Student: 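Have a look at this one.
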Amino acid sequence: MLIATWNVNSVRVRISQIERLIDELKPDVLCLQETKVEDSLFPKNILIKKGYEVSCYGQKSYNGVALITRSKLEDVRLGFAGELTNDSNVESLDEQKRVISALVDGIRFINVYVPNGSSVKSEKYNYKLNWLRYLKKYLNSQSKRGEPVCMLGDFNIALEDIDIHNPEKLSGGIMATLEERKSLQDILSNRLSDVFRVFEQGTDNWSWWDYRSGAWARDKGWRIDHIYLSNDLINCSKSSAIYKKFRGNSQPSDHAPVFVDIEWPQEEDADNFDFYL
DNA sequence: ATGACTATGCCACATAGA
């Protein structure tokens, strides 16, 4: 099962590139962030014609997330309210459309677009930290169902210094403060792992390059787009990579797609298979 | 360097991104 996440920075501007990604990789699950469009204007039909189901949760101009899947989308949950049904505070948080989840082939996909935070001194930084507190509540609530989990998207946090091209200068700033990193680690705790790091331990693996200052040409990026798998799924992972070439497209998103390939559904006797060869 | 690009909304620049 091939799973991909991509911050497209406008689904309408990027739709032909999304089609190309689908034709090239044929992902089973594609999660988009920053779709920047209200649901009635989301270009669903193009994707349906390619054999996909689409569920989107968006708004005009800003934010917006979507799930695009080959298999049936089940138990779709929109916003924090979709999971935290008894929390009256989530209504105002959901004014920004940043989280959608669904069951696909028995896996709970949680597609998130974490707020950027602007700068550490900004009020938006507090909004980000509060949003992360609710993401933890969300995970705590959904984990009671015992579903295998794939939480993925644009986290707007570089977890380690090796995830930033210039940690000496940028560590401690927005997307790389101790507070943000601890918040995300706290959400992951012992239940979710960054699957990219199972296959690649080095630096210089970026998923986002600023449009400005020739960041792409100079390869000065950050790795802020992540795929987290629960322990049962980590054992099924076969590969994970950043599809860097899409950042080199003409009129690109500033993010590249990230994907993971997992063995799913699991082979019945996978452990014994080698024995019989 | 409170900058640089890019997208949106409503057609002028302001806002947001990261």
Side-chain angles (χ1 to χ4, degrees), chain A residues 5-18 31-43 56-66 92-99 111-132 135 152-181 183-184 203-226 242 244 246-258:
Chain A
T5 176
W6 191 17
N7 178 322
V8 288
N9 186 15
S10 171
V11 69
R12 288 179 291 179
V13 169
R14 232 64 68 189
I15 188 63
S16 64
Q17 292 180 49
I18 293 168
C31 299
L32 303 182
Q33 305 87 36
E34 272 208 275
T35 53
K36 293 187 170 181
V37 70
E38 56 198 278
D39 296 340
S40 63
L41 298 174
F42 193 100
C56 52
Y57 183 56
Q59 65 189 93
K60 192 190 273 196
S61 300
Y62 307 117
N63 312 312
V65 283
S92 65
L93 270 179
D94 280 341
E95 285 171 14
Q96 298 188 16
K97 313 303 182 199
R98 294 178 176 276
V99 56
N111 178 16
V112 304
Y113 174 44
V114 176
N116 168 262
S118 192
S119 77
V120 177
K121 287 171 287 187
S122 165
E123 184 48 44
K124 289 175 187 169
Y125 181 62
N126 292 324
Y127 184 91
K128 180 180 195 173
L129 294 175
N130 187 51
W131 198 93
L132 290 167
L135 184 58
L152 70 177
D154 177 0
F155 287 82
N156 272 318
I157 297 171
L159 260 189
E160 302 177 87
D161 278 353
I162 56 169
D163 298 318
I164 320 175
H165 68 267
N166 186 353
E168 295 77 19
K169 186 183 167 193
L170 299 167
S171 186
I174 194 66
M175 302 195 291
T177 66
L178 198 56
E179 251 177 329
E180 289 165 284
R181 286 171 169 177
S183 298
L184 184 48
T203 187
D204 292 310
N205 289 290
W206 319 130
S207 68
W208 172 77
W209 296 257
D210 201 314
Y211 284 127
R212 301 167 294 184
S213 312
W216 168 248
R218 298 187 295 129
D219 197 27
K220 303 291 185 187
W222 297 57
R223 195 178 70 90
I224 54 177
D225 300 88
H226 309 147
I242 299 167
K244 192 176 171 181
F246 266 60
R247 183 61 179 79
N249 289 348
S250 63
Q251 205 177 9
S253 167
D254 45 354
H255 296 252
V258 181

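Quantities reported herein were computed from a predicted structural model and do not represent experimental measurements. Proteins come first, then strands; the chains are lettered A, B, ... in the order of their sequence lines, and each starts at number 1.
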Student: Which is true for A/Arg223 with a 4.0 Å heavy-atom rule: it touches a base, it touches only sugar-phosphate, or it touches nothing?
Tutor: nothing
Student: Using whole Å, report how far CD of A/Gln251 lies from P of B/dC5.
Tutor: 16 Å
Student: For B/dA12 and B/dA7, measure between their C1' atoms and round to the nearest Å.
Tutor: 15 Å
Student: How many Å lie between CD on A/Gln96 and P on B/dT8, as a whole number?
Tutor: 18 Å
Student: Using the P atoms only, state how far B/dC10 lies from B/dT15, rounded to an integer number of Å.
Tutor: 14 Å
Student: How many Å lie between CD on A/Glu38 and P on B/dC10, as a whole number?
Tutor: 11 Å
Student: To the nearest Å, give me how far apart CD (A/Gln59) and C1' (B/dA16) are.
Tutor: 12 Å
Student: Distance check, P atoms only: B/dA14 and B/dG3, in whole angstrom units.
Tutor: 13 Å
Student: Could you tell me whether A/Asn116 contacts a base, only the sugar-phosphate backbone, or nothing, with contacts defined as non-hydrogen atoms closer than 4.0 Å?
Tutor: base
Student: Look at all strands and tell whether A/Phe155 reaches a base, only sugar-phosphate, or nothing, counting heavy atoms closer than 4.0 Å.
Tutor: nothing
Student: Looking at A/Arg212, does any N or O in its side chain come under 4.0 Å of the phosphate oxygens OP1/OP2 on B/dA18?
Tutor: no
Student: Nearest whole Å is fine: how far is B/dA18 C1' from A/Lys124 NZ?
Tutor: 11 Å
Student: Of A/Ser118 and A/Tyr211, whose closest DNA chain B nucleotide lies nearer the 5' terminus?
Tutor: A/Tyr211
Student: Would you tell me if any nitrogen or oxygen in the side chain of A/Lys36 comes within less than 4.0 Å of OP1 or OP2 on B/dG17?
Tutor: no
Student: Give a yes or no on whether the ring-centroid distance for A/Tyr211 and A/Trp216 is below 6.0 angstrom.
Tutor: no
Student: With a 4.0 Å limit, can you tell me whether A/Asn9 has a side-chain N or O closer than that to the phosphate oxygens OP1/OP2 of B/dA7?
Tutor: no
Student: Measure OH/A/Tyr62 against P/B/dC10 and give the value in whole Å, please.
Tutor: 10 Å
Student: Is there a side-chain contact between A/Asn7 and the phosphate of B/dA18, meaning an N or O under 4.0 Å from OP1 or OP2?
Tutor: yes
Student: Will you find, in the side chains of A/Lys36 and A/Asn9, an N or O donor that is under 3.5 Å from an N or O acceptor?
Tutor: yes
Student: Can a side chain N or O of A/Ser10 be found less than 4.0 Å away from OP1 or OP2 on B/dT8?
Tutor: yes
Student: Rounded to whole Å, how long is the line connecting atom CG of A/Asn63 with atom P of B/dG17?
Tutor: 7 Å
Student: Please determine if a side-chain N or O atom of A/Lys60 lies less than 4.0 Å away from the OP1 or OP2 oxygen of B/dG9.
Tutor: no
Student: Is the distance from OP1 or OP2 of B/dA18 to the nearest side-chain N or O of A/His255 less than 4.0 Å?
Tutor: yes
Student: Report yes or no: is there a donor-acceptor pair, N or O only, under 3.5 Å between the side chain of A/Ser213 and the base of B/dA4?
Tutor: yes
Student: If we ignore angles and hydrogens, is there a donor and acceptor under 3.5 Å between the side chains of A/Asp154 and A/Gln33?
Tutor: no
Student: Among the nucleotides B/dG9, B/dA18, B/dA7, which one has an atom lying closest to any side-chain atom of A/Arg12?
Tutor: B/dG9
Student: If every non-hydrogen atom of A/Asn156 is compared with every non-hydrogen atom of A/Glu180, which pair is closest and at what distance?
Tutor: O-OE2, 4.0 Å
Student: Any Lys/Arg nitrogen of A/Arg181 or A/Asp161 sitting under 4.0 Å from an Asp/Glu carboxylate oxygen of the other?
Tutor: yes
Student: What integer number of Å spans the P atoms of B/dA1 and B/dT6?
Tutor: 24 Å
Student: When A/Trp222 is tested against each of A/Leu170, A/Asp163, A/Asp210 for side chain to side chain contact (heavy atoms under 4.5 Å, CB included), which residue passes?
Tutor: A/Leu170
Student: Would you say B/dA4 has OP1 or OP2 under 4.0 Å from some side-chain N or O of A/Arg218?
Tutor: no
Student: In terms of base orientation, is B/dC11 syn or anti, with the syn window spanning 90° either side of 0?
Tutor: syn
Student: I'd like to know if A/Asp219 pairs up with A/Lys244 as an ion pair, taking the criterion as any Lys NZ or Arg NE/NH1/NH2 lying under 4.0 Å from an Asp or Glu carboxylate oxygen.
Tutor: yes
Student: Can you measure A/Asp210 atom CG to B/dG17 atom C1' for me and round it to whole angstrom units?
Tutor: 9 Å
Student: Look at A/Tyr127 and B/dA16 and indicate whether a side-chain polar atom (N or O) is within less than 4.0 Å of OP1 or OP2.
Tutor: no
